[in-house]
Student: 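Structure incoming, see below.
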Amino acid sequence: MSKRVFLNLEQSIEILRQYENGKSARKLAELFYCGRTQINKIIKEKDLILKEYEDFKFRGVKRMRHEKYVDINEAVLEWFKTVRAKKIPVS
């Protein structure tokens, strides 16, 4: 049984570049010591990966985790800032 390999964002971008230059998914899997399924998933999620790379949001991170409740998190943060500005203790 092989060890699981996690590719970071820079490696994913490199895979996309080499795939665009004509390398097959099989060759890329051998080059990056991972499975073809992982390479195909990176190719399938190309738009999301490129967007995250442009935003510099997940550089150097192995896994991209996205917030489920962005609106709620922003509302709670705004409430927290307002309460703390009024010197009310929050626990």
Side-chain angles (χ1 to χ4, degrees):
M1 192 147 109
S2 63
K3 192 173 183 181
R4 185 176 290 188
V5 176
F6 293 104
L7 301 173
N8 62 25
L9 189 58
E10 284 84 13
Q11 290 170 322
S12 297
I13 294 296
E14 183 60 30
I15 287 170
L16 291 172
R17 285 185 185 138
Q18 290 189 21
Y19 182 77
E20 300 243 334
N21 288 336
K23 283 214 174 175
S24 68
R26 190 174 124 249
K27 290 287 183 190
L28 290 169
E30 291 173 3
L31 184 66
F32 286 91
Y33 304 105
C34 63
R36 277 189 325 190
T37 306
Q38 189 172 6
I39 299 296
N40 288 329
K41 183 178 178 186
I42 290 171
I43 293 167
K44 182 179 175 184
E45 296 178 348
K46 174 183 175 181
D47 296 333
L48 176 64
I49 291 170
L50 291 175
K51 182 181 178 295
E52 296 300 338
Y53 187 76
E54 288 172 6
D55 293 344
F56 302 108
K57 204 171 186 180
F58 294 106
R59 288 248 168 141
V61 176
K62 297 271 184 182
R63 297 182 193 176
M64 293 185 289
R65 294 192 175 112
H66 302 283
E67 296 179 13
K68 273 187 173 178
Y69 307 104
V70 176
D71 297 336
I72 294 173
N73 289 342
E74 289 174 359
V76 170
L77 179 62
E78 191 60 38
W79 169 82
F80 180 78
K81 288 179 182 178
T82 304
V83 170
R84 292 300 296 155
K86 294 178 182 178
K87 307 270 189 207
I88 299 172
V90 178
S91 64

Student: Walk me through whether Lys46 and Tyr19 qualify under side-chain contact (heavy atoms from CB on, under 4.5 Å).
Tutor: CA-CA 11 Å; Lys46 174 183 175 181; Tyr19 182 77; over 6 Å; no

Student: Roughly how far, to the nearest 0.5 Å, is the OG atom of Ser24 from the CD atom of Glu30?
Tutor: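 If we round to the nearest 0.5 Å, Glu30:CD and Ser24:OG are 7.5 Å apart.
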
Student: Roughly how far, to the nearest 0.5 Å, is CG of Leu7 from CZ of Phe32?
Tutor: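 Rounded to the nearest 0.5 Å, the CZ-CG separation comes to 7.5 Å.
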
Student: Check each of Thr37, Ile13, Leu48, Ile49 against Ile42 using the side chain to side chain contact (heavy atoms under 4.5 Å, CB included) test, and report the only one that passes.
Tutor: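 The side chain to side chain contact (heavy atoms under 4.5 Å, CB included) with Ile42 is passed solely by Ile49 among Thr37, Ile13, Leu48, Ile49.
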
Student: Please walk me through it: do Lys81 and Arg84 pass side-chain contact (heavy atoms from CB on, under 4.5 Å)?
Tutor: CA-CA 5 Å; Lys81 288 179 182 178; Arg84 292 300 296 155; 6.0 Å; no

Student: Where the side chain of Glu52 meets the backbone of Leu9, is there a donor-acceptor pair that is under 3.5 Å apart?
Tutor: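 No.
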
Student: Working to the nearest 0.5 Å, report the span between CD of Gln38 and CG of Asn40.
Tutor: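 The distance works out to 10.5 Å.
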
Student: For Leu16 and Ile43, work out which heavy atoms get closest and say how close.
Tutor: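 Looks like CD2-CA, 4.0 Å.
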
Student: Working to the nearest 0.5 Å, report the span between CG of Leu31 and CD of Glu14.
Tutor: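 One gets 8.5 Å once the value is rounded to the nearest 0.5 Å.
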
Student: Hey, could you give me the CG/CD distance between Leu50 and Glu54, rounded to the nearest 0.5 Å?
Tutor: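 CD of Glu54 is found 6.5 Å from CG of Leu50.
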
Student: Is it true that Val83 and Leu77 fall in one hydrophobic cluster, defined by side-chain heavy atoms closer than 4.5 Å?
Tutor: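 No; Leu77 is not reachable from Val83 via cluster members.
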
Student: Please check if the side chain of Gln11 supplies one atom and the backbone of Asn8 the other of a donor-acceptor pair under 3.5 Å.
Tutor: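 Such a contact is found between Gln11 side chain and Asn8 backbone.
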
Student: Do you know the tightest heavy-atom contact between Gly35 and Ala29?
Tutor: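 Shortest heavy-atom contact: C-CB, 3.8 Å.
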
Student: Report the residues that fulfil side chain to side chain donor-acceptor pair (under 3.5 Å) with Asn73, sequence neighbours left out, ordered by chain and then residue number.
Tutor: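 Scan of Asn73 (side chain to side chain donor-acceptor pair (under 3.5 Å), adjacent residues dropped) gives Glu67.
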
